Amino acid sequence: MFWHCGWPPLYTKHCTIPEWRGIRDEKGRLVVAICHNSDVGDAWEWADSPDYPEKAASLAYRIGINYIIYGMTH
């Protein structure tokens, strides 16, 4: 996976370490998903740029769709 490090977009492997966290309610259900240093939002924003890696954009869309489906079913 490639991660975005600064502006303009420069793609280097492992320039940051992604962290995934979550906040759960009293019943243990995930209510907040936190993705730090993963640039999921940048992948959504730059998905149509020919310079952005397609693999990263596709993964970001799959993550977003999973968030939506989880939110609608739990």
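As the structure is a computational prediction, the values presented were derived from the model and not from experiment.
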Next item on the list: Give a yes or no on whether Tyr61 and Tyr67 share a hydrophobic cluster (residues Ile, Leu, Val, Met, Phe, Trp, Tyr; joining criterion: side-chain heavy atoms under 4.5 Å apart).
Entry: yes

Notebook entry, point to check: Hey, what do you get for CG (Leu30) to CZ (Arg21), rounding to the nearest 0.5 Å?
Noted result: 13.0 Å

Notebook entry, point to check: Looking only at atom types and distance, does a side-chain atom of Tyr70 sit under 3.5 Å from a main-chain N or O of Ile65, one as donor and one as acceptor?
Noted result: no

Next item on the list: Using the test salt bridge (Lys or Arg N to Asp or Glu O under 4.0 Å), find all partners of Asp48 that sit at least two apart in sequence or belong to another chain.
Entry: none

Item checked: Heavy-atom pair with the smallest gap, counting every atom of Asp42 and Tyr52 -> C-OH, 4.1 Å

Next item on the list: Identify the two heavy atoms, one from Ala60 and one from Ala43, that lie closest to each other, and give their separation to 0.1 Å.
Entry: CB-CB, 3.3 Å

Next item on the list: Examine Trp20 and Val31 and state if one hydrophobic cluster contains both, with Ile, Leu, Val, Met, Phe, Trp and Tyr joined whenever side-chain heavy atoms are less than 4.5 Å apart.
Entry: no

Margin query: Just to verify, what does Arg24 make a side-chain hydrogen bond (donor to acceptor under 3.5 Å, both in side chains) with, not counting sequence neighbours?
Written below: none

